[in-house]
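Owing to the predicted nature of the structure, the values given are computational and were not obtained by experimental measurement. Here is how names work: the chains are called A, B, and so on, in the same order as the sequence lines, proteins then strands, and each is numbered from 1.
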Amino acid sequence: MNLSEITNGLNDKQCQSVTLNNEKNVLILAGAGSGKTRVLTHRIVYLITQKDIRIDAILAVTFTNKAAAAIREKLSILLRRPIQSMWVGTFHGLAHRLLRAHYEKARLTSGFQILDAQDQFRIIKRLMKENNIDESKFPIRKVQWFINNQKDEGIRAQDIDPGYNYFIKNNLEVFELYEAHCQTNDLIDFAELLIRSYELLKNNTDLLNHYQARFEHILVDEFQDTNTVQYKWIKLLFSGNNRVFCVGDDDQSIYGWRGAKIENITKLYTDFFPIETIHLEQNYRSTGNILNASNALIAHNTNRMGKSLWTDAGNGELIDVYKARTETDEADYVISSIQKLITDDASPSDCAILYRSNAQSRIFEEALIKYNIPYIIYGGLRFLERAEIKNALGYLRLIENSADNVAFERVVNFPTRGIGNTTVEKIRTFAQDNHTSLFQAAIQISSTLPTRSANALNGFIKLIEQMTDNTKYLGLSEKVANLLNTSGLMVHYSNDKTDKAGSKKENLEELITAAQQYNHEQDSEMNEVVGFISLASLDFSGDTINQNVQLMTIHSAKGLEFPYVFLVGMEEDLFPSRQSKDEPHLMDEERRLCYVGMTRVMKKLSLSYAIKRFLHGEFLHAYPSRFLDEIPSRYLNKIKAKFSATIQNYNADNTFNQNITPKSDGQLFIGAPVKHAKFGLGTVLNFEGQDDSVRIQIKFKQVGTKWLISSYANLEFV
DNA sequence: TCACAAACCCTTTTT
DNA sequence: GGGTTTGTGA
C-alpha cells in the first residue's frame, strides 16, 4: 500500500495528523464531525504499512463497543490482512482480557465473574441487610455510587480515612464488606476491571515490562472521557520508549458524573512531554446554521480549550423550534414531522429522537405506534439486562461453573420450586463457615434439612447435574436451547399471564439466536461459553442495521450522526436537568451535552419543548430551556402556532424499505398478509436480517404491531 | 411457601 | 406512572 492510498480524501490537517513522525506523542483536538475516528484508523494503517510497526504492537482503546467494532472493521478493510493480534477494544474489554490472561497474578481464579450494576446492587443490598445497616438512612443507590466513585478514582476501602464523618464511615463499612465479599466470591464489577488490571500491571514489573515493550503505539479515542484509573492505566503502559496518540474534544466531555476528568487532556502536556497538538476544526457533517448555533451555545461555557468548527457546506435550513402545549402535543408534532419526512422519501432510520433521560421515551414510543412507524429504542432496559435473559444466563453460568454463587442465588428458586428464603439462608451460612460454594454447600446440607425442603433442594441439585451432563458436548446455541427447556424457564414464561404480548418468551427465543450469532474468534482467551457470558455483561449493543426511527438518550448518541434529529424536552429542570442547576460545573456539562446532541445532525435539526408536562403523576408548568436563549435567533425558525397534527395511519403500501430484496421464495414482502397461531391475521410492515435470523415486523389486527423472529414464529403466508 | 393486592418508593446520564 | 417491597390469606 502506498502513502497516497492512506491520505487520499483527507484534508491538510487530517493528513498531517496521520503522517506525523512516528517518534512523537500526539494529541488531536478534534471537534464534532471533523473525522477523528477516521484519523485514528488511518494513523494505525500508516504506522503498519509505512513504518513497519507490527500489528500486535498496536493498542487502540475506545469507550464503547460500537466504536471499537467500527475501528476493527475499517482496519480489516484497509489493511486486507488479519488483525486478531491487534488489541482494539474498550477500556473495560481490554482490562478484562488482561485479567483473564493473568488471573492468578490478579488474585483471581479462572472462573471469575463480572458483576453488572444490577448484580452489584443486589449484593450491596444483602450485605447491608445482613449487617443491620439502615437502608432508609443510607440508600443503596447512594452507597453503590459511593463505592464506584472511589474505585473510579483508584481508591480502595483501605485508603480511606473516614475521620468523624458519620456518612463516610457507614459507606466505608459497606465498601469493606463488599470488597471482602467480592474477593472471596471471585466477583469483578465494572470499576474493578479497571482498578484490578491497573494494580496487576503495577505490582508485576515483569508483566508491565512485557506489555510496555509490546505496545509500541498506544492510541486512545475520546480522551476527554477518561477517568482517573483509565488515565493512570495509560500512563503506566507508557514507558517513554513507546508513543501515544490521543484524540479528544473537551467540548464533548459528558461523563464527568462517572468520574471522567477533562483535565486529563491538559495533563498530557506534562506526563507525556513532548507532545504535538493538532486541531481539527473543519466539520464534514452539519450545515453552517447548525454549526454556528452549536458554536454560539458552547461559547457560554468557561474554561474551554478553545475551538470553533466551520464548514464549507453552506448554511442549510434554519433550526426549527416548536413550542408544544403538552408533552403529547410535542410527541405528535415530532412524529408527524417524521411521517412527512418518510413520505418525502427519507428512511425512518434517517430520523433520531434524542432526549435527556430514558423516561422520556415512552410518549414518543406511543405516538410512533399510533402512526405505525417502525422504531427502535436504545438504552433503557437493554435486552441482556432483562430479568428473563439474566435468569437464562444464570443457568448457563451455573452449568459452566457450579461455584458461580451469583448465578446460584438467581436461579435456585426460579422458576419456583419450593426452595424458600429459610433454606437459602442455611445454605449461605454453611457455605460461609466452610469456605465453599453455595452449590457445594447445598449438596452437603440437603440431608440435614426437613424432608420437604430437602426434596426440593435435591431436585434442584439433580437438575443442574443433569443439565451439565446432557449439554456437555453441545454447541453454545444448543446448550442455551436445552437449558431453556429443562430448567422450566420456557414453560414458566409461556404460562406467564402478566406477559400478555409473549415478549418475554420471544426474548428467550432471541437469546438462542444471539448464541448462534456469537462470534467466538475475537475472545480467544476464553472458551466459548465464558466468552458469551462475558459479552453478555460487557456488550449489549444489539444489531444496528435496521430501518427504524432511532430513539435514544443524548449520551448514547455520542459518536453517531443522523440526517434528521429531534432534540426534545428542551425545558428547564429537564434539560438542563434539575440536579445540575446549582452547580456551575454540572451546568457546563449539561451544555456540552446539548452541544453533542446538536452536532449529531447532518441536515435538519428540530428542537422542541412543552409548556405543560405530566411528570411524576401531576401536571407541571415548564419553562423553555436556557439553552434555547443561548442560541442566536437568526439561526432559529420558531414555530409558535399549534401544529395541526392529523393522525393518519401509516400506509403499508407506501413502503419505506424497498431497497431490501425479499428472499427468493417470494413469500416475504412488505404488505404480505400472514397468519400467526396466537396473534391471528396481520400484515408485514418491515423485516430485517437473513435466513434463520430474519425478524419480521407485523401489524396484527388484534394485538397491534410486533417484531417476530420468523424461524420461531411459525408464520403462515396466506 | 406462594400468589396476589396494596402500599410505597423514586425520578439523569452508562461501561 | 411504574417498578418494587410489604402484607395478607390460602
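The closest side-chain donor-acceptor pair between A:Q252 and A:Q224, if any, does not fall under 3.5 angstrom. Donor-acceptor pairing under 3.5 Å is lacking for the side chains of A:N301 and A:Y595. A:Q230 and A:N264 share no donor-acceptor pair across their side chains, judged by distance under 3.5 Å alone.
Residue contacts for A:K125: at a heavy-atom cut-off of 4.0 Å it reaches the sugar-phosphate backbone alone, with no base atom in range. No engagement by A:T62 is indicated, since no non-hydrogen atom pair under 4.0 Å with the nucleic acid exists. Backbone-only contact: A:F63 has heavy atoms under 4.0 Å from sugar-phosphate atoms and none from a base. Nucleic acid contact class of A:N413 (heavy atoms, under 4.0 Å, all strands): sugar-phosphate only.
Nearer to the 5' terminus of DNA chain B, by closest-nucleotide assignment, is the contact made by A:P139 (compared with the other of A:P139 and A:L194).
For the OP1/OP2 pair of B:dT14 and a distance below 4.0 Å, the side-chain nitrogens and oxygens of A:N358 include at least one atom meeting the criterion. Here A:T64 does not reach the OP1 or OP2 of B:dT14: none of its side-chain N or O atoms lies under 4.0 Å away. Taking only side-chain nitrogens and oxygens, A:S580 never comes nearer than 4.0 Å to OP1 or OP2 of B:dT13.
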**OP:** Determine, step by step, whether A:Y211 and A:L59 satisfy the side chain to side chain contact (heavy atoms under 4.5 Å, CB included) criterion, reporting the C-alpha distance in whole Å, the side-chain angles of both residues, the deciding distance to 0.1 Å, and the verdict.
**Re:** CA-CA 10 Å; A:Y211 283 107; A:L59 173 67; over 6 Å; no
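Rounded to an integer number of Å, the gap from A:M552 CE to B:dT15 P is 12 Å. The distance between atom CD of A:E327 and atom P of C:dG1, rounded to the nearest whole Å, is 10 Å. Rounded to an integer number of Å, the gap from CG of A:N149 to P of B:dT13 is 16 Å. Taking atom CG of residue A:N148 and atom C1' of nucleotide B:dT15, one finds them 11 Å apart after rounding to whole Å. Rounded to whole Å, the distance from CZ on A:R613 to P on B:dT11 is 18 Å. Counting to the nearest Å, the P atom of C:dG3 and the CZ atom of A:R122 are 15 Å from each other. Summarising the geometry, the separation between NZ on A:K151 and C1' on B:dT15 is reported as 14 Å, rounded to the nearest angstrom.
Listed nucleotides: B:dT13, B:dT1, C:dG2. Nearest to the side chain of A:R362: C:dG2. Among the nucleotides B:dT13, B:dT11, B:dT14, the one closest to the side chain of A:S556 is B:dT14.
We find that the ring of A:W257 and the base of B:dT13 stack, their centres lying under 5.5 angstrom apart and their planes tilted less than 30°.
Using P as the reference atom, C:dT4 and B:dT13 are 15 Å apart when rounded to the nearest Å.
For residues 250-261 of chain A, every residue pair satisfying the salt bridge (charged side-chain N to carboxylate O under 4.0 Å, His left out) rule, not counting sequence neighbours, is listed here: A:E153-A:K261, A:D251-A:R304, A:D251-A:K307.
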